[in-house]
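Following: one structure in structure tokens, then a few remarks.
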Amino acid sequence: QLEFINAYQLYFNPELVFRRFQLWRLLTNFCYFGPIGFNFFFNILFTYRYCRHLEEGSFRGRAADFLFMFLFGGTLMTLMALFVNIIFLGSALTIMLVYVWSRRNPFVRMNFFGLLNFNAPYLPWVLFAFSLLLGNSVIVDLMGIAVGHVYYFLEDIFPREQGGFKLLKTPRFLHWLFDDISNRDEPDVRPNAGNAEVPFGAGGFVWQ
């Protein structure tokens with residue numbers, strides 16, 4: 001935003017990544033949300049809020065698993081971006097975080113500008129419809145929802161099915177680097193906020 005660098009140095013370009021070894025683009029394309037405006041603040045707000053809700057909720061004491069979710073989601077989105085014309089994936093990552101949180105808190109009540117009440121699992125689709133009304137690219141939202149669902153299914157659903165097993169395993173070196181020894185055996189907390197209502201307004205989604 002301060003024009004020290006420009007977006008052309010950040011966007012995802014497979015040719016520049018794999019032929020000219022500009023590997024930073026694999027990361028920086030997730031860090032750009034466009035020029036300052038509604039979409040910029042919307043994405044910053046939602047990324048902050050749902051990172052915080054996940055980190056303090058179902059990933060409490062599990063920093064390595066939290067990072068692995070980002071690595072898994074980012075890798076899958078990058079592979080998908082090879083086949084679609086998307087050069088910035090930050091918004092898709094935000095929607096993925098929202099999707100995972102919403103599925104792990106199915107009974108939380110949401111309020112959209114005081115007009116619409118719904119349970120948290122519908123939140124990604126409400127945001128999808130909102131993006132559609134604003135004329136934004138819905139492919140990015142759909143990508144985030146798809147990747148979020150893949151992660152949620154492999155991490156939360158499939159291991160609990162009959163004959164299921166855990167497919168996503170955080171590498172040991174991430175546990176060694178990021179998890180405090182005293183917290184490594186802490187149980188997986190999946191908070192359920194019951195009927196707590198979360199309103200949407202100028203300040204975004206907040207707990208009550």
Side-chain angles (χ1 to χ4, degrees), residues 1-55 59 63-103 123-155 167-171 173-174 177-178 204:
Q1 301 300 331
L2 298 176
E3 298 183 356
F4 293 130
I5 56 176
N6 59 61
Y8 293 107
Q9 297 172 280
L10 306 176
Y11 76 98
F12 177 69
N13 184 317
E15 182 176 353
L16 295 178
V17 171
F18 299 113
R19 292 188 179 181
R20 299 188 182 181
F21 303 104
Q22 296 182 6
L23 301 180
W24 67 82
R25 294 178 183 272
L26 294 172
L27 175 64
T28 57
N29 80 91
F30 288 98
C31 302
Y32 181 72
F33 295 114
I36 290 180
F38 179 80
N39 284 335
F40 175 85
F41 289 110
F42 181 86
N43 280 285
I44 291 292
L45 174 65
F46 271 62
T47 301
Y48 166 74
R49 284 192 180 277
Y50 290 99
C51 272
R52 178 180 177 182
H53 291 332
L54 285 170
E55 188 175 14
F59 286 100
D65 294 333
F66 189 50
L67 175 61
F68 184 68
M69 178 188 68
F70 280 90
L71 295 175
F72 174 82
T75 300
L76 196 55
M77 289 177 194
T78 300
L79 293 175
M80 294 172 69
L82 295 174
F83 302 98
V84 295
N85 187 27
I86 296 178
I87 59 176
F88 292 110
L89 297 170
S91 296
L93 186 65
T94 299
I95 294 296
M96 184 198 81
L97 296 173
V98 172
Y99 186 92
V100 173
W101 175 85
S102 68
R103 294 304 298 266
L123 175 59
W125 299 105
V126 171
L127 297 180
F128 170 81
F130 191 55
S131 292
L132 191 62
L133 290 174
L134 292 177
N136 298 330
S137 173
V138 296
I139 297 178
V140 174
D141 289 26
L142 290 175
M143 180 184 292
I145 290 172
V147 173
H149 182 74
V150 170
Y151 176 83
Y152 173 73
F153 178 80
L154 294 179
E155 179 70 14
L167 286 170
L168 299 181
K169 296 183 179 179
T170 305
F173 78 91
L174 290 181
L177 286 173
F178 295 102

Self-check item: From OH (Y11) to CG (N29), nearest 0.5 Å
Solution: 11.5 Å

Practice problem: Give, for atom CG of L71 and atom CG of L76, the distance between the pair rounded to the nearest 0.5 Å. | Solution: 12.5 Å

Quiz prompt | Nearest non-hydrogen partners of L82 and P14, listed with the distance | solution = CD2-CG, 3.6 Å

Quiz item: Considering all heavy atoms of both residues, which atom of M77 and which atom of A92 are nearest to each other, and what is their separation?
Solution: CE-O, 3.4 Å

Quiz prompt | Approximate separation, where rounding is to 0.5 Å, of I95 CD1 and L89 CG | solution = 13.0 Å

Self-check item: Side-chain touch E155/F72, heavy atoms, less than 4.5 angstrom
Solution: no

Quiz prompt | Which atom of R25 lies closest to which atom of Q9, heavy atoms considered | solution = NH1-C, 3.7 Å

Practice problem: Kindly indicate whether the side chain of L97, heavy atoms from C-beta on, has any atom under 4.5 Å from the side chain of W101. | Solution: no

Practice problem: Please say whether more than 12 non-hydrogen atoms of neighbouring residues, nucleotides or ligands are located less than 6.0 Å from CZ in F70. | Solution: yes

Quiz item: So do the side chains of L16 and Y8 get within less than 4.5 Å of each other, counting heavy atoms only?
Solution: no

Quiz item: Any idea how F88 and Y32 line up, ring-wise: parallel (<30°), tilted (30 to 60°), or perpendicular (>60°)?
Solution: tilted

Quiz item: Roughly how far apart are L154 CG and K169 NZ, rounded to 0.5 Å?
Solution: 13.0 Å

Quiz item: Do other residues, nucleotides or ligands put more than 12 heavy atoms under 6.0 Å from W125 CH2?
Solution: no

Quiz item: So which heavy atom on S91 is nearest to which on N43, and how close?
Solution: OG-OD1, 3.3 Å

Quiz item: Just wondering, are more than 12 heavy atoms of other shown residues or ligands nearer than 6.0 Å to CD1 in I139?
Solution: no

Quiz item: Would you find more than 12 non-hydrogen atoms of other residues, nucleotides or ligands less than 6.0 Å from N85 atom CG?
Solution: no

Exercise. Over all heavy atoms of both residues, which pair between S131 and D141 is shortest? Give the atoms and the distance, please.
Key: OG-OD2, 2.9 Å

Exercise. Output, in order, the C-alpha distance, side-chain angles, deciding distance and verdict of side-chain contact (heavy atoms from CB on, under 4.5 Å) for T47 and F30.
Key: CA-CA 11 Å; T47 301; F30 288 98; over 6 Å; no

Quiz item: Are the side chains of F12 and I86 in touch, meaning some heavy atoms are under 4.5 Å apart?
Solution: no

Quiz item: Which word best sums up how the rings of Y152 and Y99 line up, parallel for under 30°, tilted for 30 to 60°, or perpendicular for over 60°?
Solution: perpendicular

Practice problem: Quick one: sort the H53 and Y50 rings into parallel, tilted or perpendicular, breaks at 30° and 60°. | Solution: perpendicular

Quiz item: Are any of the side-chain heavy atoms of H149 and R103 separated by less than 4.5 Å?
Solution: yes

Exercise. Quick one: pull up CZ in F59 and CZ in F68 and give me the separation to the nearest 0.5 Å.
Key: 10.5 Å

Quiz item: So which of T170, L168, L174 actually passes side chain to side chain contact (heavy atoms under 4.5 Å, CB included) with D65?
Solution: T170

Exercise. Calculate, to the nearest 0.5 Å, the distance between atoms CZ and CG belonging to F33 and N39 respectively.
Key: 11.0 Å

